[in-house]
Amino acid sequence: MDGTSLDSELLIVLTWVEVFRRLDPNRPLSLSLLQSFSGPPLLDSCRKCFPDLDPEVVKRLYIELGDPLYERYATLFPYEKEALTELRGKGCRLAIHTNKAREQALKALAQFGLEGLFDAVVAGGDAEQKPSPEGIESILASTGINRENAVYLGDSRFDQLAAGNAGVKFIAASFYPRELLDTPRPVAFLRSYRDLSSILSSCWNLMPSSSGPGRPA
């Protein structure tokens, strides 16, 4: 979700700045450090940054500080809603898989008018967190999407590993610089949602000619 279906890079950076200001105001910060928190499970980042504190307490503080900033600093990516609407019109089934808490994920989808575009949402607490394949397996089962027709779009190595562990194709969302792994190798890099439909069509012929059953993507 963050970094793929939601442009929340600035929001995440600003929230972590405030968390450090509250809990460790003397720690030197860098932009690369703050951007590295986009992708890993939030609790893992809390444990890593504040090993002497209860990670659940740090997580609650992060959410408390970050929620009011969503409306001001989080946005959709250019052409995103148009691209997703086009895919729905072509019969594709869409799903969200995020480590973000379900309440936060649904709130963000509603804020940007995306909730009607997705057939399934698997959020933090619904399944073992990425890079476990459990969330993807749950989406495949609930939507009836065939594994060979499934494409996972994500921006982090955790997305990359989850896709590899589930045996589905991986497209790297390259809206921001991210350090990815050598394997599993992305089958494509998406730099603009304007190109999403054409990438899917040219690489896998996943665009069904109608929205009838049996042609999930």
Checklist entry - Honestly curious: do Leu180 and Leu161 fall in one hydrophobic cluster under the side-chain, below-4.5 Å linking rule? => result no
Item to check | Same apolar cluster (I L V M F W Y, side chains within < 4.5 Å links), Leu153/Tyr176 | outcome: yes
Checklist entry - Should side-chain heavy atoms under 4.5 Å link Ile, Leu, Val, Met, Phe, Trp and Tyr, which residues sit in the same cluster as Val17? => result Ile12, Val13, Trp16, Val19, Phe20, Leu23, Leu29, Leu31, Leu33, Leu34, Phe37, Leu42, Phe50, Leu53, Val58, Leu61, Tyr62, Ile63, Leu65
Item to check | Listed partners of Arg157 passing salt bridge (charged side-chain N to carboxylate O under 4.0 Å, His left out), at least two apart | outcome: Glu179
Checklist entry - Is there a donor-acceptor pair under 3.5 Å between the side chain of Asn146 and the backbone N or O of Glu148? => result no
Item to check | pair Ile171-Pro186: side-chain heavy atoms closer than 4.5 Å | outcome: no
Next on the checklist: Ignoring hydrogens, what is the shortest heavy-atom contact between Ala162 and Lys130? Give both atom names and the distance.
Outcome noted: CB-CG, 4.1 Å
Checklist entry - Could Glu86 and Lys90 be called an ion pair, given the rule that one side-chain N must be under 4.0 Å from one carboxylate O? => result yes
Item to check | Glu18 bridged to Arg22 by N-O distance under 4.0 Å | outcome: yes
Scan the side chains in residues 75-83 for donor-acceptor partners under 3.5 Å anywhere in the protein, sequence neighbours excluded, and list what turns up.
{"unit_1": "Tyr79", "atom_1": "OH", "unit_2": "Arg194", "atom_2": "NH2", "d": "2.1"}
{"unit_1": "Glu80", "atom_1": "OE1", "unit_2": "Phe77", "atom_2": "N", "d": "3.0"}
{"unit_1": "Lys81", "atom_1": "NZ", "unit_2": "Gly113", "atom_2": "O", "d": "3.3"}

Checklist entry - For Asp119, what residues pass the side chain to side chain donor-acceptor pair (under 3.5 Å) criterion, not counting sequence neighbours? => result Arg88
Item to check | Nearest non-hydrogen partners of Phe112 and Ala74, listed with the distance | outcome: CZ-O, 3.2 Å
Checklist entry - Measuring from Leu14:CG to Glu9:CD, what's the distance to the nearest 0.5 Å? => result 10.5 Å
Checklist entry - Between Asp126 and Ala123, is there a donor-acceptor pair closer than 3.5 Å when you use the side chain of the first and the backbone of the second? => result yes
Checklist entry - Applying the 4.5 Å side-chain criterion to the ILVMFWY set and letting contacts propagate, would Val151 and Val122 be lumped into a single cluster? => result no
Next on the checklist: Donor-acceptor check, side chain of Ser38 to backbone of Gln35, threshold 3.5 angstrom: yes or no?
Outcome noted: no
Item to check | With Glu134 via side-chain contact (heavy atoms from CB on, under 4.5 Å) - residues at least two apart | outcome: Ala127, Glu128, Ser132
Item to check | Ser174/Leu190 under side-chain contact (heavy atoms from CB on, under 4.5 Å): CA gap, chis, key distance, verdict | outcome: CA-CA 6 Å; Ser174 301; Leu190 181 71; over 6 Å; no
Checklist entry - Val187 versus Phe170: any side-chain heavy-atom pair under 4.5 Å? => result no
Next on the checklist: Starting from Leu10, can I reach Leu6 by hopping between I/L/V/M/F/W/Y residues whose side chains sit under 4.5 Å apart?
Outcome noted: yes
Checklist outcome for this item: Sorted by chain and residue number, the side chain to side chain donor-acceptor pair (under 3.5 Å) partners of Lys100 (sequence neighbours excluded) come out as Asp2, Tyr70
Checklist outcome for this item: On a heavy-atom basis, the closest approach of Gly164 and Pro184 is CA-CG, 3.7 Å
Checklist entry - Side-chain heavy atoms under 4.5 angstrom apart, residues restricted to Ile, Leu, Val, Met, Phe, Trp, Tyr: same cluster for Leu114 and Leu87? => result yes
Checklist outcome for this item: The reported gap from CG in Leu117 to OG in Ser5 (rounded to nearest 0.5 angstrom) is 10.5 Å
Checklist entry - Between Ile139 and Val121, is a side-chain contact (heavy atoms from CB on, under 4.5 Å) present by the stated rule, with each step listed? => result CA-CA 8 Å; Ile139 290 170; Val121 176; over 6 Å; no
Next on the checklist: Please enumerate all residues that pass ring-ring contact (aromatic ring centres under 6.0 Å, His included) together with Tyr73, with sequence neighbours excluded.
Outcome noted: none
Next on the checklist: Tell me whether Arg147 contacts the main-chain N or O of Gly167 through its side chain, where contact means a donor paired with an acceptor under 3.5 Å.
Outcome noted: no
Item to check | Least distance between heavy atoms, Ala105 atom then Met1 atom | outcome: O-CE, 3.3 Å
Checklist entry - Who else is in Phe158's hydrophobic cluster (ILVMFWY, side-chain heavy atoms under 4.5 Å, direct or via others)? => result none
Next on the checklist: I want to check something: taking the side chain as every heavy atom from C-beta on, are His97 and Tyr152 in contact at a cut-off of under 4.5 Å?
Outcome noted: yes
Next on the checklist: Run the salt bridge (charged side-chain N to carboxylate O under 4.0 Å, His left out) test against Asp24 and tell me which residues pass, sequence neighbours left out.
Outcome noted: Arg27
Next on the checklist: Quick one about Asp159 and Ser156 (side-chain donor to acceptor, distance below 3.5 Å, no hydrogens or angles considered), yes or no?
Outcome noted: yes
Next on the checklist: If I take atom CD from residue Glu64 and atom NZ from residue Lys59, how far apart are they, to the nearest 0.5 angstrom?
Outcome noted: 14.5 Å
Item to check | Euclidean distance, Lys169 NZ relative to Leu200 CG, rounded to 0.5 Å | outcome: 10.5 Å
Item to check | Partners passing side chain to side chain donor-acceptor pair (under 3.5 Å) against Asn99 (at least two apart in sequence or in another chain) | outcome: none
Checklist entry - Between Leu140 and Ala150, which heavy-atom pair has the shortest distance, and what is it? => result CD2-CB, 3.8 Å
Checklist entry - With sequence neighbours left out, what residues match Thr4 under side chain to side chain donor-acceptor pair (under 3.5 Å)? => result Asp155
Checklist entry - Listed by chain and number, what are the salt bridge (charged side-chain N to carboxylate O under 4.0 Å, His left out) partners of Arg185, not counting sequence neighbours? => result none
Item to check | For the student: nearest non-hydrogen atoms of Ile136 and Ala166, plus distance | outcome: CG2-CB, 3.7 Å
